[in-house]
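In the text below, chain A, chain B and the rest are named by the order of the sequence lines, each starting its count at 1.
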Amino acid sequence: MGFNENVWALTKKIPKGKVTTYKEIAKALNTKAYRAVGTALKKNPYAPQVPCHRVINSNGSIGGYKGKMNSKEKIRLLKKEGLEIKNDKVNLKRYIYNFSSSKR
DNA sequence: GCTTTGACTCTCG
DNA sequence: TCGAGAGCCAAAG
């Protein structure tokens with residue numbers, strides 16, 4: 001298991017209608033490589049398997065997608081997932097997914 | 001092998 | 001609230 005594989009594994013664990021942040025993923029991996037998480041997702045070989053569009057910034061903004069920032073396409077996908085997008089931002093407190101919660 | 005960049009985040013001003 | 005700077009890890013050049 002490499003660093004990127006952990007990122008992809010956690011991203012795949014995100015249920016539909018939920019989102020997570022790069023910081024949470026990095027924290028779940030017990031590291032501070034927020035940027036490495038984004039780098040790994042960008043390079044993910046499991047493109048359709050890894051819902052990278054469910055991974056957003058810690059401030060609730062969409063972040064990047066398809067190589068551009070604040071991609072409306074990502075917002076559309078999240079809205080179709082059942083999330084509420086306000087001002088190009090997701091309700092973190094409402095749709096955030098905690099990996100620790102899944103462990104219980 | 002070292003340097004630069006990047007789908008990030010936090011802090012200071 | 002917005003803007004700039006520093007910190008973090010990994011991949012690419």
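Taking every side-chain heavy atom of A:Ala36 into account, C:dC9 is the closest of C:dA11, C:dC9, B:dA7. Among the nucleotides B:dT9, B:dC8, C:dA11, the one closest to any side-chain atom of A:Thr39 is C:dA11. Closest approach to the A:Thr31 side chain among C:dA12, C:dC9, B:dC8 is made by C:dC9 (side chain taken as heavy atoms from C-beta onward). Between C:dA12, B:dA7, B:dG6, one nucleotide has an atom nearer to the side chain of A:Tyr65 than all others, and that is B:dA7. The A:Cys52 side chain lies nearest to B:dA7 when the options are C:dC9, B:dA7, C:dA11.
Under the 4.5 Å side-chain criterion, counting only non-hydrogen atoms from C-beta, A:Ser58 is not in contact with A:Tyr22.
Among the heavy atoms of the strands lying under 4.0 Å from A:Tyr22 is at least one base atom, whether or not backbone atoms are also near. Here A:Ala33 lies in heavy-atom contact (under 4.0 Å) with sugar-phosphate atoms only. Looking at heavy-atom distances under 4.0 Å, A:Lys42 makes contact with a base.
Rounded to a whole Å, the CG atom of A:Leu92 is 15 Å from the P atom of B:dC8. Atom CG of A:Asn59 is separated from atom P of B:dT11 by 14 Å (rounded to the nearest Å). Put simply, CG on A:Leu29 is 18 Å from P on C:dC8, counting in whole angstrom units. Nucleotide B:dA7 holds its C1' atom 13 Å from the CG atom of A:Leu78, rounded to whole Å. We find that CZ of A:Phe3 is positioned 13 Å from C1' of B:dG6, with the value rounded to whole Å. In this entry the distance linking CG of A:Asn44 with C1' of B:dG6 reads 15 Å, nearest Å. Atom P of nucleotide B:dT9 and atom OH of A:Tyr34 are separated by 9 Å, given to the nearest angstrom. When rounded to the nearest whole Å, the span between CD1 of A:Ile25 and P of B:dC8 equals 12 Å.
Hydrophobic clustering (ILVMFWY, side-chain heavy atoms < 4.5 Å, transitive): A:Ile25 and A:Ile96 are in distinct clusters. Taking hydrophobic clusters as Ile, Leu, Val, Met, Phe, Trp and Tyr residues chained together by side-chain heavy-atom distances below 4.5 Å, A:Leu10 does not share a cluster with A:Val19.
With a 6.0 Å cutoff to the six-membered ring centre and a 45° limit on the axis angle, A:Lys13 does not count as a cation-pi contact of A:Phe99.
The one candidate from A:Lys18, A:Lys16, A:Arg54 that meets the salt bridge (Lys or Arg N to Asp or Glu O under 4.0 Å) condition with A:Glu81 is A:Arg54.
At B:dT9, one or more side-chain N or O atoms of A:Asn57 fall inside 4.0 Å of OP1 or OP2 (strictly under the cut-off). Using a 4.0 Å cut-off, some side-chain N or O of A:Ser58 falls inside it from OP1 or OP2 of B:dC10. Phosphate proximity of C:dC8 to A:Lys23: absent, as no side-chain N or O sits under 4.0 Å from OP1 or OP2.
Where A:Lys32 and A:Asn4 each meet DNA chain C at their nearest nucleotide, the meeting point lying more 5' is that of A:Lys32.
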